[in-house]
Amino acid sequence: MLGFLKEPVVVTAKINVNLVALTVVGLISRLWGLCYPRAVVFDEVYYGQFVSLYMKRIFFVDDSGPPFGHMLLALGGYLGGFDGNFLWNRIGAEYSMNVPVWSLRLLPALAGALCVPLAYQILVELHFSHCAALGAALLILLENSLITQSRFMLLESILIFFILLAVLSYLKFYNLQKHSAFSGSWWFWLLLTGVACSCAVGVKYMGLFTYMLLLAIAGLHFWHMIGDQNLSNVSLLCHFLARGLALIIIPMGMYLSFFYVHLALLYRSGPHDQIMTSAFQASLEGGLARITQGQPLEVAYGSQITLRNVLGKPMQCWLHSHTNTYPIRYENGRGSSHQQQVTCYPFKDVNNWWIVKDPGMQQLVVSNPPRPVRHGHIVQLVHGITTRYLNTHDVAAPLSPHSQEVSCYIDYNISMPAQNLWRVEIVNRESDTDVWKTILSEVRFVHVNTSAVLKASGLSGASLPEWGYRQLEVVGEKLSKGYHQSMVWNVEEHRYGKSQEQKEREVELHSPTQMDISKNLSFMAKFTELQWKILTLKNEDTEHKYSSSALDWITMDTNIAYWLHPTSGAQIHLLGNIATWASANAAALLYLCLSLWYLLRRRRKIYDIPEDAWQLWVSAGGVCGGGWAVNYLPFFLMEKTLFLYHYLPALTFQILLIPVVLQHLGDHLCRSVLLKSMFSALIVAWFSSVYFVYCTFSPVTYGQPALSLTELKALRWKDTWNILIRKQ
């Protein structure tokens with residue numbers, strides 16, 4: 001039995017020295033001097049705030065994209081023991097000793113370093129020579145802009161890493177298709193494709209462009225498989241289901257998991273949760289949860305409530321009234337009802353409390369047992385402090401003359417009777433018998449007499465003048481098609497009223513609630529709301545000193561100053577290797593021209609290159625050229641502030657196209673020995689120029705050594721580049 005021990009156990013392994021060497025030099029180029037400068041560099045001031053919030057478990061919303069990239073940066077902070085205590089308020093601010101700079105910048109640097117061997121492997125899997133693959137990797141290695149972007153707490157290098165990993169995984173899966181379908185390695189690379197795609201989308205929505213490209217390529221490949229008569233219907237179905245599972249189902253599941261972890265980590269209330277609904281806020285520890293915990297769930301006749309407008313932007317506000325009345329005449333000469341003002345107030349206040357009253361009864365307390373209010377019920381809303389009824393009538397609103405004024409009714413003994421009946425419509429009801437619920441129900445109040453809907457119009461317009469204390473206007477909207485959020489309200493604070501006497505009730509309104517009923521939201525409800533906020537919440541785009549247009553990127557007519565030393569001339573810029581950028585543009589143009597030429601010739605049945613070379617040319621163009629197009633062209637349709645770093649994913653694909661074109665020219669257009677020798681010499685000279693540019697601009701790539709005034713001026717190769725030169 002133990003005979004196998006007579007022979008030594010031998011393990012053999014193939015090591016690709018090129019791959020190992022490229023990984024090592026990639027790590028050196030990205031990790032060298034990673035802690036320098038020990039100061040906030042450009043968008044670190046932005047992402048650092050989110051890292052601190054993760055460390056403190058405080059909820060936030062970032063409209064720039066999903067949370068996975070932020071969580072990776074926070075992971076670096078966690079591994080470094082960061083406690084989140086740092087004020088991210090200024091670019092160039094020196095980091096305090098509690099900030100683990102190396103750890104925070106490590107993951108982006110590792111991702112940037114690994115892009116070098118990934119580029120090599122992608123060209124190999126596209127069936128290009130190892131020499132071409134080595135050239136692609138070296139171009140990525142020596143690209144100054146990619147080095148700069150990967151050495152700081154930024155997301156682009158992580159995004160590019162997952163994009164390239166997804167492309168490589170799919171190519172490996174596809175190359176195993178003919179001979180090893182459904183093998184372990186086949187499944188591994190197919191599943192890794194879906195995982196990498198979901199990670200890319202989870203870092204930034206820009207990853208969606210490459211994901212859609214790979215789905216299109218996979219769909220095209222499967223379409224060709226359908227025409228393969230050697231595959232049975234069952235086999236085709238298995239292939240289809242495998243691709244659907246790996247490329248659609250698993251990425252969707254992973255995308256949800258990013259938000260699940262995000263919400264599990266950030267369970268504490270913070271300044272960002274004010275834009276969320278009351279239900280979401282109440283699910284967070286502290287903040288609103290401290291106020292709403294234990295409130296009655298079902299709104300009943302006699303309930304004391306505060307009503308928050310669901311829109312919540314540009315600020316949250318609550319239905320409010322106070323003893324002041326509308327002026328008899330406004331500044332423009334129009335008259336008012338001179339009744340008690342009703343506004344939407346952006347702060348919590350005792351005057352935000354209202355009592356839900358049954359029109360058929362006089363009592364303002366909850367009966368025993370409580371009688372819940374349901375969808376479609378008619379109610380009166382009584383202001384808690386002044387005991388006047390919410391009312392609207394055919395009088396023009398102060399700022400919105402096409403809408404009705406909303407007031408609390410004062411009987412002046414004139415021919416203007418009270419119109420204070422409102423129908424409760426639960427917008428998010430599951431049935432027409434749904435009960436009106438605290439926090440969870442989103443309701444509209446439809447005026448019975450005029451069919452006008454209670455609306456916080458001030459959220460989309462100007463605030464009231466001084467006589468209205470600059471509070472927000474509330475109107476009765478006559479033409480109310482659809483459910484605009486400014487017309488929708490939810491009960492935020494709620495108690496069952498017990499005091500019929502006004503003085504006792506006022507004391508009651510000032511006291512906290514005591515009842516204990518939980519109102520936790522499900523994960524899917526929180527995910528849906530947060531996802532919608534991310535997609536729809538837009539910060540006001542302001543012109544930035546270093547913003548640029550998509551046209552500026554191709555010719556690199558712009559740069560970004562990331563950091564400037566406070567005393568010396570040391571500085572860091574996002575500035576590309578101009579030799580590589582120009583070559584990438586030339587390669588893309590040459591690829592397009594040659595492809596059109598070949599297509600025209602093939603249409604005339606003239607085949608300039610062998611069929612396998614043509615298929616190689618097309619497949620490489622689909623991956624590299626297609627990757628450039630899908631990551632660049634959409635920016636012409638975007639209405640947002642754009643920066644040079646948005647071009648880096650597209651640039652990476654364009655760089656991969658350079659060795660593709662060069663190998664094609666060498667193999668098929670340089671047919672004599674003399675031409676091949678001359679072409680090789682030109683490539684060596686060209687690559688030397690790439691290395692020269694890399695070395696020339698490395699001081700502003702790494703921030704050291706500090707350059708003199710003359711040396712800095714010498715780096716301004718284009719008049720549009722903003723190299724920072726101190727005045728003497």
Side-chain angles (χ1 to χ4, degrees), residues 271-278 281 288 291 305-327 330-332 334 336-354 381-386 388-393 395-409 420 422 427 442-447 452-480 482-493 533 536-540:
H272 288 217
D273 60 337
Q274 293 184 359
I275 64 172
M276 310 303 290
T277 63
S278 300
Q281 292 184 52
L288 182 62
I291 301 172
I305 62 174
T306 64
L307 290 166
R308 179 180 184 265
N309 192 267
V310 170
L311 183 59
K313 60 182 183 180
M315 65 186 74
Q316 58 183 347
C317 69
W318 291 264
L319 189 66
H320 175 94
S321 186
H322 39 244
T323 56
N324 300 73
T325 59
Y326 291 108
Y330 300 123
E331 290 82 351
N332 59 8
R334 288 191 299 109
S336 77
S337 65
H338 195 48
Q339 296 198 13
Q340 184 170 302
Q341 297 174 18
V342 172
T343 64
C344 205
Y345 189 48
F347 304 98
K348 293 184 181 297
D349 187 84
V350 70
N351 280 310
N352 296 347
W353 284 93
W354 300 82
L381 293 176
V382 183
H383 188 239
I385 297 298
T386 64
R388 293 199 169 105
Y389 289 55
L390 186 71
N391 184 83
T392 187
H393 36 221
V395 175
L399 301 180
S400 307
H402 298 292
S403 301
Q404 291 180 181
E405 175 194 270
V406 174
S407 63
C408 278
Y409 184 73
N420 51 32
W422 300 85
V427 176
E442 297 181 351
V443 302
R444 296 199 320 167
F445 295 99
V446 181
H447 192 237
V453 179
L454 190 68
K455 176 183 178 180
S457 61
L459 289 172
S460 57
S463 57
L464 294 170
E466 289 294 336
W467 54 258
Y469 300 101
R470 300 294 178 185
Q471 296 176 18
L472 305 178
E473 182 189 45
V474 172
V475 301
E477 186 64 52
K478 296 177 182 178
L479 303 176
S480 54
Y483 298 121
H484 190 271
Q485 286 187 315
S486 62
M487 303 178 186
V488 182
W489 307 78
N490 70 269
V491 173
E492 188 171 89
E493 298 179 64
K533 289 293 183 183
T536 58
L537 180 66
K538 296 298 178 185
N539 292 325
E540 293 185 8

Pairing donors with acceptors under 3.5 angstrom, does anything connect the side chains of Gln404 and His393? no
Quick one: does [X]'s side chain get under 4.5 Å of [Y]'s, heavy atoms only?
X      : Y      : answer
Leu381 : Phe445 : yes
Thr325 : Gln339 : no
Thr343 : Leu472 : no
Leu307 : Val491 : yes
Tyr330 : Pro465 : no
Tyr326 : His338 : no

Set of side chain to side chain donor-acceptor pair (under 3.5 Å) partners for [X], sequence neighbours left out:
X      : answer
Ser336 : none
Thr306 : none
Trp422 : none
Gln341 : His322

Measuring from atom [atom1] of [X] to atom [atom2] of [Y], what distance do you get when rounded to the nearest 0.5 angstrom?
X      : Y      : atom1 : atom2 : answer
Lys348 : Trp353 : NZ    : CH2   : 9.0 Å
Met276 : Gln316 : CE    : CD    : 12.0 Å
Trp318 : Gln471 : CH2   : CD    : 12.5 Å
Glu477 : Lys455 : CD    : NZ    : 4.0 Å
Asn420 : Leu390 : CG    : CG    : 8.5 Å
His402 : Lys478 : NE2   : NZ    : 10.0 Å

Provide the closest heavy-atom pair for [X] versus [Y] in the form atom of the first, atom of the second, distance.
X      : Y      : value
Leu319 : Leu454 : CD2-CD2, 4.0 Å
Ser321 : Val342 : OG-CG2, 4.1 Å
Pro398 : Leu464 : CG-CD2, 3.9 Å
Ala456 : Cys344 : CB-SG, 4.1 Å
Ser403 : Gly476 : CB-O, 3.6 Å
Val488 : Asn309 : O-ND2, 3.5 Å

Under the rule for side-chain contact (heavy atoms from CB on, under 4.5 Å), what residues qualify as partners of [X], not counting sequence neighbours?
X      : value
Asp349 : His320, Tyr345, Asn351, Asn352
Thr323 : Thr386
Pro346 : Met315

Applying salt bridge (Lys or Arg N to Asp or Glu O under 4.0 Å), name anything that partners Glu331, two or more places apart in sequence or on another chain. none
Can you name the residues that form a salt bridge (Lys or Arg N to Asp or Glu O under 4.0 Å) with Arg334, not counting sequence neighbours? none
List the steps and the verdict of side chain to side chain contact (heavy atoms under 4.5 Å, CB included) for Val427 and Val443. CA-CA 5 Å; Val427 176; Val443 302; over 6 Å; no
Evaluate side chain to side chain contact (heavy atoms under 4.5 Å, CB included) for Trp489 paired with Glu442, printing each intermediate quantity in order. CA-CA 6 Å; Trp489 307 78; Glu442 297 181 351; over 6 Å; no
Distance-only, no hydrogens or angles: does the Glu473 side chain make a donor-acceptor pair with backbone N or O of Leu399 under 3.5 Å? yes
